[in-house]
Visitor: 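Below is one structure. I have some questions about it.
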Amino acid sequence: MAYAFTFWTCYVLLREYEKVASMRLQFLSLERRRLDQFTVLVRNVPPDPDETVSELLEHFFLVNHPDHYLTHQVVCNANKLASLVKKKKKKQNWLDYYQLKYSRNQSQRPQMKTGFLGHFGGKVDAIDHHISEIEELSKEIEEERTRVLKDPKSIMPAAFVSFKTRWGAAVCAQTQQSRNPTLWLTEWAPEPRDVYWQNLAIPYMSLKVRRLIIGVAFLLLTFFFIIPIASVQALASIEGIEKRAPFLKSVIEIKFIKSVIQGFLPGIVLKLFLIFLPTILMIMSKFEGFISLSSLERRSATRNYIFLVINVFLGSILTGAAFEQLNSFIKQSANEIPKTIGVAVPMKATFFITYIMVDGWAGIAGEVLMLKPLIFYHLKNFLLVKTEKDREEAMDPGSLGFHTGEPRIQLYFLLGLVYATVTPVLLPFIVIFFAFAYLVFRHQIINVYNHEYESGAAFWPDVHGRIITGLVISQLALMGLLSTKEAAQSTPFLIALPVLTIWFHRFCNGRHKSAFVKYPLQEAMMKDTLERARDPNFNLKACLHSAYVHPIFKGDDDDEDDLSVEMETESVLVPTKRQSQRNTPVPSKISGGYSPSLPEAVKNGEL
């Protein structure tokens, strides 16, 4: 049965990988002009004493991509400006509230306290106070806006570079631009609504340090979190409660109370411990410096899954009965760990059945009822809503949280694969969960949630990898279980399964993963040729003019004109302010001469 489940799972995964990869390529080929297909994010631009970042970028790409380069947009550190604008909007919202309140009752002007949380300090006229604060913030915003536009220190060594064709962008994004592999780093730009602007201001060289810090922090969080889970799980059993609170023994022995404690209490306690986990992991991902919302969610989802496997699956198996099992698990040799897990897996089937009902079934019911957004809406309506705009924002359902929902679904895949051959009675509960989850999430995605960004199925390789991980864990657990039974001689026949599964995973990635990280030049050229034939006069530059401008500058045409980089596409000369033109293969407007290191053929116009 282990071989049957493995081969069937791999067959379905292969078919699904092929289908999703084909759908992605079809989506990219049929989709109308997507600005991110023409744009590349360039990072770690080297400093130049003679040219600004903008001039250096224009010079570099006119020289190295002369036929395809179109325009670029430098990245500014506008985080402080964004915080000031956000603060001003908040003050403006309060002003609208007090003005509305005064319009309803003009007998008395509204008053407010200026101290902590508006409950301390002296009373002042609320409308006049907010008008004066908004005026001060407007002055600060104008000063900060001017500084961002004029101060070279606010310009980051990064830019969004756009090309005339998809083919030109694909060549730039998928090749090394410089002899030094740490400079002029290029990658596909996320679509404009997918950009996480705050992290673009993080220096590129600090990203490795940030990710090392977060990696260590996540490791500590994962393995130390199991201690409170184990302690509370132990207390959530009948023996633990009777030991800690013997005066409750008579109450616990009541049949109904005993059933609730044995069946649902451990699962509920575990669920409560995991409420704040997605938020913590998302904060950690933001600190790492990812520059798109989709990459933030992918990283958070990966860590969420690892956390659930270690703390929910392995933690519940090994530490659910008594905390002392944790000590024995840590002290035993590595060879004994599969046996320990294998023996404990069937014993915890009842717990996971109740966990599926508490977390899975109830979670799906809560999803279709939108209980969490409903509760938050009423809390915001009671505490925070002051105007109709606030009410509209409070009613916003948001987007589908991939980093919260997908790891939970992957955990149920893991449970189904592990218990398929060990305790098949758990499978109907898994099947019911997935049947309802399909119906509910399909409805929610189509009719309820906002479409925050479009990644073109870029998440699928991660999903595939986590199912493979669950399959390998199930095989190792079965090997550990059989090695303790009379069927120990059959264990060697299972050794081939993990090897074949890992080989299958590498085969799938080698065959199809490139479709999710690269854009085929053949597809790009085909699409470019078709669009030139259909619409030869389309002005792509006008569409890209403000697409990658920081949102804080949008709505103000003057600022966008200042930030955007204009260029004459007809010019064959590359302007530069460098003293030396040793790396400039075309004439410079400044000197009008050629580099002495260039061959005579170039000087004579033969090349």
Side-chain angles (χ1 to χ4, degrees), residues 21 24-25 28-29 33-48 51 53-75 156-191 194-195 200 204-205 207-208 289-292 294-295 455-456 458 461 509-529 531-532 540-541 544 547-548 565 567 569 572 574 576 582-586 598 602 607:
R24 173 179 169 83
L25 293 176
L28 295 177
S29 64
R33 291 181 181 90
R34 287 171 54 98
L35 300 182
D36 53 301
Q37 291 182 346
F38 296 88
T39 307
V40 172
L41 176 61
V42 182
R43 309 181 78 173
N44 217 27
V45 177
D48 191 292
E51 293 184 326
V53 173
S54 180
E55 292 168 341
L56 183 61
L57 279 160
E58 184 179 18
H59 177 222
F60 180 86
F61 283 97
L62 278 174
V63 169
N64 296 286
H65 300 269
D67 299 327
H68 300 280
Y69 169 72
L70 180 61
T71 185
H72 70 270
Q73 178 62 59
V74 293
V75 174
M156 305 301 297
F160 292 99
V161 180
S162 300
F163 294 82
K164 300 174 185 177
T165 62
R166 294 176 181 82
W167 190 91
V171 170
C172 180
Q174 297 165 184
T175 56
Q176 182 174 315
Q177 302 301 307
S178 170
R179 180 182 301 175
N180 187 340
T182 63
L183 300 177
W184 298 102
L185 304 177
T186 58
E187 59 182 283
W188 281 109
E191 62 172 340
D194 190 23
V195 177
L200 284 173
Y204 181 82
M205 299 307 295
L207 294 181
K208 296 292 185 182
F290 291 99
I291 51 91
S292 66
S294 55
S295 58
S455 67
N509 281 341
R511 176 67 179 85
H512 299 292
K513 190 175 181 179
S514 61
F516 296 87
V517 295
K518 298 178 181 178
Y519 191 33
L521 295 181
Q522 182 185 21
E523 295 283 337
M525 181 61 75
M526 188 187 312
K527 192 75 183 292
D528 290 333
T529 304
E531 285 193 353
R532 279 196 298 269
L540 178 63
K541 190 174 182 179
L544 291 165
Y548 284 97
V565 178
M567 54 160 282
T569 57
V572 296
V574 182
T576 177
R582 189 170 298 276
N583 297 323
T584 307
V586 288
L598 294 177
V602 175
L607 291 183

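No hydrogens, no waters, no symmetry mates; every other heavy atom, side chains included, goes into these values. Computed from a predicted structure; not experimentally measured.
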Visitor: Ignoring hydrogens, what is the shortest heavy-atom contact between Ser295 and Phe290? Give both atom names and the distance.
Guide: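 Where Ser295 meets Phe290 most closely, the heavy atoms are OG-CB, 3.4 Å.
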Visitor: When you compare the side chains of Gln176 and Ser178, does any donor N or O come within less than 3.5 Å of an acceptor on the partner?
Guide: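 No - no donor-acceptor pair under 3.5 Å links their side chains.
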Visitor: Tyr519 vs Trp188 aromatic rings, parallel, tilted or perpendicular, using cut-offs 30° and 60°?
Guide: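 Geometry flag for Trp188 against Tyr519: perpendicular rings.
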Visitor: Quick check for you: to the nearest 0.5 Å, what is the distance between Arg43 atom CZ and Leu200 atom CG?
Guide: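 If we round to the nearest 0.5 Å, Arg43:CZ and Leu200:CG are 6.5 Å apart.
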Visitor: Give a yes or no on whether the backbone of Thr175 and the side-chain of Gln177 come within a donor-acceptor separation of less than 3.5 Å.
Guide: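 Yes, because the side chain of Gln177 sits within donor-acceptor range (under 3.5 Å) of the backbone of Thr175.
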Visitor: Which is it for Tyr548 and His72 under the side-chain contact (heavy atoms from CB on, under 4.5 Å) test, yes or no, and what are the steps along the way?
Guide: CA-CA 9 Å; Tyr548 284 97; His72 70 270; over 6 Å; no
Visitor: Which of these passes side-chain contact (heavy atoms from CB on, under 4.5 Å) with Val45: Trp184, Tyr204, Phe60?
Guide: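 Answer after filtering Trp184, Tyr204, Phe60: Trp184.
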Visitor: Report the distance from atom NZ of Lys518 to atom NZ of Lys513, rounding to the nearest 0.5 Å.
Guide: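 Those atoms lie 11.0 Å apart.
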Visitor: Identify the heavy atoms of Arg24 and Ser455 that sit nearest to each other, and give their distance.
Guide: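 Heavy atoms only, the tightest pair is NH1-O, 3.1 Å.
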Visitor: Mark yes or no for whether Asp528, through its side chain, and Arg166, through its backbone, hold a donor-acceptor pair below 3.5 Å.
Guide: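 Looks like yes, one N/O pair under 3.5 Å.
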Visitor: Within the 4.5 Å heavy-atom criterion, are Leu70 and Phe38 side-chain neighbours or not?
Guide: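 Leu70 vs Phe38: side chains apart.
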Visitor: Just wondering, are more than 12 heavy atoms of other shown residues or ligands nearer than 6.0 Å to CE in Met205?
Guide: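 Open.
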Visitor: Quick one: are Phe61 and His68 in side-chain contact, heavy atoms under 4.5 Å?
Guide: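 Sidechains of His68 and Phe61: no contact.
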Visitor: Taking all heavy atoms of Val53 and all of Met156, pick out the closest pair and write down the distance.
Guide: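 Here Val53 and Met156 meet closest at CG1-O, 3.9 Å.
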Visitor: Do you know the tightest heavy-atom contact between Val40 and Glu187?
Guide: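 For Val40 versus Glu187, the nearest heavy atoms are CG1-O, 3.3 Å.
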Visitor: Could you tell me whether the side chain of Arg532 reaches within less than 4.5 Å of the side chain of Thr165, counting heavy atoms only?
Guide: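 Thr165 reaches Arg532 side chain to side chain.
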Visitor: For residues Pro520 and Leu25, determine if any side-chain heavy atom of one lies less than 4.5 Å from a side-chain heavy atom of the other.
Guide: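 A side-chain contact under 4.5 Å exists here.
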Visitor: Would a 4.5 Å heavy-atom cut-off, applied to side chains only, mark Asp36 and Phe160 as touching?
Guide: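 SC-SC contact between Asp36 and Phe160 ruled out.
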Visitor: Taking Cys172's backbone N and O only, do any of them form a donor-acceptor pair with Thr186's side chain (distance below 3.5 Å, no angle check)?
Guide: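 Side chain of Thr186 to backbone of Cys172: a pair is present.
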Visitor: Please give me the minimum heavy-atom distance between Ser294 and Asp194, naming the atom from each residue.
Guide: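 Here Ser294 and Asp194 meet closest at OG-OD2, 2.7 Å.
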Visitor: What's the spacing between Met526 CE and Glu523 CD if we round to 0.5 Å?
Guide: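 Those atoms lie 5.0 Å apart.
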Visitor: Step through it carefully: locate the ring centre of His65, locate the ring centre of Phe163, and say whether they are under 6.0 Å apart.
Guide: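 So the answer is yes for these two rings.
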Visitor: If you round to the nearest 0.5 Å, how far is OG1 of Thr39 from CG of Leu544?
Guide: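 Between Leu544 CG and Thr39 OG1, I get 5.0 Å after rounding to 0.5 Å.
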Visitor: So which atom in Trp167 and which in Leu521 form the shortest heavy-atom distance, rounded to 0.1 Å?
Guide: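 Shortest heavy-atom contact: CD1-O, 3.6 Å.
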